[in-house]
Amino acid sequence: MTTARIALVGDKSPSVRSHARIPVLLEALRERDGLALDAYWIPTTEATGLEGFDGVWMVPGSPYRSEAGAVNAARAAREHGIPFLGTCGGFQHTLLEYARNVLGLSVAHAENDPGAEEMLLLPLACSLAGHEDAVRLTPGSLAEKVVGAERTVERYSCAFGLNADYVPALEAGGLRFTGHDEAGLVRVLELPGHPFFLATLFQPELAGDGSRPHPLIAAFASACVTHTDHRRPKISWLPR
């Protein structure tokens, strides 16, 4: 069985439900799907040298200790063609990375920098913390193909989302928004042309009881295993 080495970027905490689920999901992926992932937890304060991993999973748990570290993780995956999955805070910081480093925008996250002038991430009009909500997926998108349906109901634990004023610029700059709630607000992003680059505002880690990993997590794991054939020879950061 081929084993893929993945970076779990986030500040591990027993109070974050998704963090407790991840070991269960990893075991289920191995037993059910034959996908072996050797996972390394990497704090956002130390999220450098990720280029040799087979996958980067930016997990929930914001505010992160280091916004810069989270942004760096998304950038490494984007620039080096490493399979990437960002969930909740991972989705938010992926947007920050793209807006800043690809589009050159001076934008901020209201949770991290509430006094900033230009906010890319704003408090949601209605907090989704602890709620479920429907998501409509764009036909033909990666997310729709993986989930196998154009509508899904997902679990959230967040209070910040994308400022809709920036959607046109981000789309013109290359991002694709492929999941929206019933009101049309963005819930899923993809990066066309990348081997696997997907982020969701919802938390697929919380789907079911963990014994059947969410299709998006399973697809990410499969992409990571595929990437092992192209693994870079050295990994500079291998903590546990």
Side-chain angles (χ1 to χ4, degrees), residues 1-44 46-47 50 53-65 70 73-74 77 82-94 128-133 135 137 142-143 145-149 152-158 179 187-188 196-228 235 237-240:
M1 181 184 296
T2 300
T3 300
R5 294 181 286 189
I6 68 168
L8 298 174
V9 177
D11 305 311
K12 190 175 182 182
S13 169
S15 66
V16 179
R17 290 181 61 203
S18 288
H19 293 185
R21 272 289 181 87
I22 287 174
V24 177
L25 294 170
L26 295 176
E27 183 58 29
L29 288 166
R30 180 186 294 271
E31 293 296 324
R32 191 193 72 166
D33 300 331
L35 298 171
L37 303 181
D38 192 6
Y40 299 85
W41 279 94
I42 300 181
T44 57
E46 301 179 53
L50 305 181
F53 283 96
D54 300 308
V56 175
W57 184 350
M58 198 187 311
V59 301
S62 60
Y64 297 128
R65 293 175 192 157
I82 302 168
F84 176 83
L85 178 64
T87 57
C88 196
F91 170 90
Q92 296 161 12
H93 287 73
T94 300
L128 288 169
H131 292 278
E132 291 187 346
D133 199 17
V135 180
L137 303 174
L142 173 61
K145 290 176 182 177
V146 168
V147 171
T152 179
V153 175
E154 302 293 347
R155 301 182 71 177
Y156 292 82
S157 183
C158 66
R187 298 294 181 253
V188 182
F196 188 100
F197 195 100
L198 192 147
T200 69
L201 188 61
F202 56 83
Q203 295 190 16
E205 297 90 345
L206 299 179
D209 62 2
S211 62
R212 294 181 60 83
H214 193 288
L216 295 180
I217 294 176
F220 165 70
S222 180
C224 294
V225 170
T226 298
H227 189 263
T228 59
I235 291 180
W237 214 107
L238 288 179
R240 277 291 185 185

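- Within a 6.0 Å radius of CZ in Arg32, other residues, nucleotides and ligands contribute more than 12 heavy atoms.
- We find the CD-CZ distance between Gln203 and Phe91 to be 13.0 Å, quoted to the nearest 0.5 Å.
- A distance of 9.0 Å separates CD1 in Ile6 from CG in Leu85, rounded to the nearest 0.5 Å.
- Inter-residue side-chain proximity for Ser18 and Leu206 is flagged as met; some heavy-atom pair is nearer than 4.5 Å.
- Minimum heavy-atom separation, Ser15 to Ser13: OG-OG, 2.8 Å.
- When all heavy atoms of Leu8 and Ile22 are compared, the closest pair comes out as CD1-CG2, 3.9 Å.
- Side-chain contact between Leu216 and Phe202 is present, with heavy atoms from C-beta onward closer than 4.5 Å.
- For Phe196, there are no ring pair (Phe, Tyr, Trp, His ring centres under 6.0 Å) partners two or more places apart in sequence or in a different chain.
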* To do: Could you walk me through whether Thr3 and Thr228 pass side chain to side chain contact (heavy atoms under 4.5 Å, CB included), step by step?
  => CA-CA 8 Å; Thr3 300; Thr228 59; over 6 Å; no
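- Residue Cys158 holds its SG atom at 3.5 Å from CG of Leu201, rounded to the nearest 0.5 Å.
- Separating the CG atom in Leu25 from the CZ atom in Arg212 is a distance of 12.5 Å, to the nearest 0.5 Å.
- Across Val135 and Arg187, no two heavy atoms sit closer than the pair CG1-CB, 4.2 Å.
- Of the possible donor and acceptor atoms, one in the side chain of Asp54 sits under 3.5 Å from a partner among the backbone N and O of Arg5.
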* Asked: Run the side chain to side chain contact (heavy atoms under 4.5 Å, CB included) check on Val9 and Tyr64 step by step: do they pass?
  -> CA-CA 10 Å; Val9 177; Tyr64 297 128; over 6 Å; no
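- Contact annotation: the side chain of Thr94 approaches that of Phe197 to within less than 4.5 Å [non-hydrogen atoms, C-beta and beyond].
- Residue Ser222 is tested with Leu29, Asp33, Leu35 for a side-chain contact (heavy atoms from CB on, under 4.5 Å); the sole match is Leu35.
- Exactly one of Val147, Leu137, Leu142 qualifies for a side-chain contact (heavy atoms from CB on, under 4.5 Å) with Val188. That residue is Leu137.
- Side-chain atoms of Leu50 and Ile42, non-hydrogen and from C-beta on, do get closer than 4.5 Å to each other.
- Looking at residues two or more places apart in sequence or on another chain, you find no ring pair (Phe, Tyr, Trp, His ring centres under 6.0 Å) involving His214.
- Pro204 approaches Thr87 most closely through the heavy-atom pair CD-CG2, 3.5 Å.
- Within the model, atoms CG of Leu37 and CD1 of Ile217 stand 10.5 Å from one another, a figure rounded to the nearest 0.5 Å.
- The two residues Ala74 and Phe84 have their closest heavy-atom pair at CA-CE1, 4.0 Å.
- The two residues Met58 and Gly89 have their closest heavy-atom pair at SD-O, 4.5 Å.
- Thr200 and Glu154 share no donor-acceptor pair across their side chains, judged by distance under 3.5 Å alone.
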* Verdict with supporting geometry, Ser62 and Gln92, side chain to side chain contact (heavy atoms under 4.5 Å, CB included) -> CA-CA 9 Å; Ser62 60; Gln92 296 161 12; 3.9 Å; yes
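- Within the 4.5 Å cutoff, the side chain of Tyr156 has heavy atoms near those of the Asp133 side chain.
- We find the OG1-NZ distance between Thr44 and Lys12 to be 14.5 Å, quoted to the nearest 0.5 Å.
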